[in-house]
Amino acid sequence: MTEHERYEAVVVGCGPGGAAAAAALARNGVETLVLERGVDAGSKNVSGGVIYAEESAPYTIESLFPGFREQATERPVTDNYIHNVAGDRVKTFDIGELHHHDTAWADSVLRRPMDSWLAERVHERTRETGGGLLTEIHVTGLLRENGEIVGVRTEELAPIEADLIVAADGVNSELARDAGLMDWDDPAEWFQGVKAVVDMDPAVLDDRFDIDPDEGEAHLFSGDLFDGVRGGGFLYTNRESLSIGTVFHLDSLADERAEPQELLDALLTHPLLAQWLGEEYREREYSAKLVPDSKKVAHESPHDDRLVLVGDAAGQMQAQGPIIKGMNHAVSAGALAAEAFADARSRGDPHRAGEFYERKLREEGVMAKLRPRSYDLVGRLSEIDAVDRVATAVADSALGRLGLRARPGSSNAPTTPPARRDGSRYRTALRDAPDRHRRGAG
Amino acid sequence: MNTVVLTKGVPDFREEQVSFDEDGHLERGKTPTVMNPNDRPALRAALQAKVRTGGTVSLMSMGPPGYEDVLREGMEDVYADDCYLLSDREMGAADTWATAMTVATGLQRLADSPDLVVAGFKTADGETGHTGPQTAYCLGWPLVTHVTSLDVDAAAGRLRAERLVDGDASEVETVEAPLPCFVVADPEFEPTYRTASHRLAHKDLRDATQQRARNLEDHLTVWDHEDLNLDPDYIGLDGSPTIVAGVDPIPKAPAERDATVVDGSRPSELEPVLSELTPYAAGD
């Protein structure tokens with residue numbers, strides 16, 4: 001038998017799931033090595049950008065990393081709207097209620113600064129346990145001995161053995177595939193996300209959205225903006241930028257032979273967005289990501305031997321209609337995996353961590369959110385309908401005259417004006433919108 | 001384990017940086033001084049020894065006070081604990097022998113005697129490659145040159161090194177030597193950190209060093225010939241058995257060959273290239 005370097009726990013990937021696992025392991029005094037592939041944690045990630053803290057969740061990222069909201073996020077999401085586009089009509093709903101259901105808070109994030117912030121703390125805490133965080137380490141697969149998973153192999157280092165291996169290596173998890181725990185290849189199980197980050201001066205941003213610097217908005221877009229491709233769009237306000245993107249069912253993209261970046265362009269150039277983007281804007285970055293649909297692929301038993309899967313690697317990404325929750329579930333799962341290991345270890349049988357982890361995912365309600373039973377009955381058809389039922393319509397306007405959508409007394413008067421707004425904010429009309437979008441104006 | 005790296009400031013010979021007068025002579029005043037590029041592998045070897053076996057790394061250089069920038073750069077590179085600059089007018093214009101005498105005395109003057117001294121292959125200005133070996137000779141230590149990989153066993157008081165035989169990259173031998181030992185790192189030297197614990201130790205050192213390099217003065221010791229108790233007759237220009245009689249600029253080789261530019265994206269343009277080359281491939 002070869003002598004390998006040993007750590008009690010190896011965490012692969014330092015996104016929110018890996019960071020949560022590492023922090024909770026360190027809190028339990030577990031010697032934890034974290035291996036991150038990127039030059040900087042977060043450099044490989046492209047998340048769209050809102051992290052939720054659910055009231056019912058066993059852990060939130062703030063509970064594991066005090067100061068997270070203060071230092072690592074962009075803006076709290078204080079207002080939520082969905083814009084349903086039908087032909088040249090736009091129906092705008094305030095979905096604050098839906099959003100606030102079970103939500104302690106929700107903040108927009110940019111993954112690069114957020115993950116760097118996390119990585120710094122993860123390194124500090126795991127270093128105290130005798131481990132630490134290493135970047136630019138590509139974990140290529142599992143280390144097996146007599147057919148049993150005992151550690152990881154990497155490109156840069158000699159094989160490493162551990163009692164616990166946390167695969168938080170994302171949607172293309174090489175470890176999950178190596179273990180035979182990931183076999184999604186049906187496009188119906190995936191979403192394709194495409195996102196652009198558009199720079200915006202904070203003062204201009206505050207003015208255009210009529211918000212204070214400590215407020216933020218989330219806008220969702222649905223309907224026929226996208227030539228019949230099933231999916232939607234989003235816009236989140238960051239401190240000094242906007243994250244704008246689209247998320248589509250991959251099978252629908254394939255059926256319609258649509259190019260995701262063209263659909264994103266369709267959203268960016270849509271008259272609906274001109275009120276916020278203005279006449280000129282600068283795209284800072286552009287990125288794409290495959291997202292698993294947890295309803296179909298969240299693994300019921302995401303472990304094998306000493307390996308546990310966390311976050312996207314386990315398909316733990318919940319698309320709740322247009323609201324996408326991934327990071328919060330990854331955080332819960334990561335911390336529960338750590339808890340499971342601490343329990344198993346204190347029982348003198350650390351290798352039962354996987355079994356305990358599976359039980360915790362179920363008992364703490366994480367699995368029920370990822371794979372709701374009702375989904376089987378309701379199906380994806382009702383995703384938007386469900387929103388319609390809980391949302392309050394605030395405006396029903398002609399496309400291109402969204403500028404009037406919330407002004408009381410206009411011909412397209414909202415059924416329920418949002419309480420905390422005055423009409424003055426919507427003075428920005430769509431100067432550049434084609435004329436056809438102006439017809440029917442109130 | 002205590003390791004010392006020898007380094008030297010040299011003119012920055014990179015284009016745009018270096019300045020020559022009309023006769024083709026180097027203009028020192030107009031050319032910035034940088035760390036000798038060949039010293040980097042020596043720094044890497046010393047850092048690897050420190051990461052793997054712990055202990056300290058010191059930098060030592062002989063030169064004018066302006067070398068401090070070179071030492072700061074070296075300190076950041078090798079995560080050095082401290083720096084020694086051997087500097088006064090009496091040491092000026094030394095040849096390799098007088099330099100070796102001075103540096104060997106400096107090394108012996110250190111409070112904690114070194115177990116390992118590492119030097120670079122040769123300097124970019126003198127190009128002799130003599131100073132390292134002569135310093136080892138002055139110390140009476142074993143010398144291992146052209147080292148491409150190094151494994152120090154401090155507890156056993158030995159090192160094992162792979163070296164290029166006669167500087168030939170195709171022939172490598174593995175040698176062992178007792179400590180203390182003098183090692184000349186080949187430009188081919190590549191440190192390896194194949195364990196997570198080594199990489200973590202490396203990261204710890206980096207974090208600790210950044211602050212130190214910013215406050216170089218607190219970690220710098222300057223010694224003149226009196227501190228080292230050296231007779232001026234044996235160092236500097238007076239102590240140099242060799243002198244540089246003159247420097248002849250080497251004219252640039254004229255570009256005599258004709259070049260034809262081919263658009264590689266067009267397969268049709270590549271065909272004549274292929275037919276030109278075919279006879280050579282056939283051995284004609």
Side-chain angles (χ1 to χ4, degrees), chain A residues 2-14 18 22 25-26 30-41 116 119-140 143 150-166, chain B residues 1 40-41 43-57 76-81 147-156 158-162 172 174 185 187-214:
Chain A
T2 329
E3 267 299 306
H4 293 122
E5 193 181 11
R6 273 195 100 266
Y7 287 86
E8 266 194 290
V10 169
V11 177
V12 181
C14 198
L25 284 165
V30 179
E31 181 196 35
T32 306
L33 176 68
V34 185
L35 302 175
E36 161 63 39
R37 183 175 181 175
V39 179
D40 209 5
S116 297
E120 215 173 286
R121 274 134 200 95
V122 164
H123 179 64
E124 273 169 24
R125 294 200 207 165
T126 52
R127 195 80 192 101
E128 282 170 20
T129 69
L133 165 78
L134 291 175
T135 54
E136 290 179 86
I137 304 290
H138 178 196
V139 175
T140 52
L143 176 70
V150 297
V152 294
R153 296 180 176 283
T154 74
E155 233 167 67
E156 296 81 6
L157 306 173
I160 299 165
E161 221 179 286
D163 287 327
L164 175 73
I165 302 135
V166 179
Chain B
M1 201 188 75
R40 293 207 183 272
L43 294 174
R44 288 199 286 267
L47 176 56
Q48 182 189 276
K50 178 169 171 169
V51 166
R52 288 191 182 176
T53 59
T56 62
V57 173
E76 283 174 355
D77 244 53
V78 76
Y79 309 154
D81 296 270
V147 169
T148 54
S149 85
L150 184 63
D151 205 356
V152 181
D153 187 343
R158 300 190 73 75
L159 64 76
R160 179 188 287 251
E162 281 179 17
V172 178
T174 304
E188 301 281 312
F189 183 93
E190 276 303 328
T192 50
Y193 299 103
R194 292 282 293 165
T195 68
S197 60
H198 285 160
R199 296 222 178 188
L200 289 166
H202 192 280
K203 199 167 160 175
D204 287 347
L205 288 176
R206 183 186 58 201
D207 294 346
T209 310
Q210 280 169 348
Q211 190 60 32
R212 252 201 327 268
R214 255 175 257 136

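Going from atom CG of L200(B) over to atom OG1 of T126(A) covers 8.0 Å, rounded to the nearest 0.5 Å. From R194(B), atom CZ reaches atom OG1 of T154(A) across 6.5 Å, with rounding to the nearest 0.5 Å. Between atom CZ of residue R127(A) and atom CG of residue D207(B) there is a gap of 9.5 Å, rounded to the nearest 0.5 Å.
For R206(B), the side-chain contact (heavy atoms from CB on, under 4.5 Å) test picks out Y79(B), K203(B), Q210(B), with sequence neighbours left out.
The candidate from G130(A), P159(A), A158(A) with the greatest count of non-hydrogen atom pairs under 4.5 Å with chain B is A158(A).
For CZ of R160(B), the number of neighbouring non-hydrogen atoms (other residues, nucleotides, ligands) closer than 6.0 Å is 12 at most.
With a 4.5 Å cut-off on non-hydrogen atoms, T192(B) does not touch chain A at all. Only the side chain of E5(A) comes within contact range of chain B, judged by heavy atoms closer than 4.5 Å. If you measure heavy-atom distances from I137(A) to chain B, the contacts under 4.5 Å come from the side chain alone.
Looking at every heavy atom in both residues, Y7(A) comes nearest to S197(B) through OH-N, 3.3 Å. Taking each heavy atom of L33(A) and A196(B) in turn, the nearest pair found is CD2-CB, 3.5 Å.
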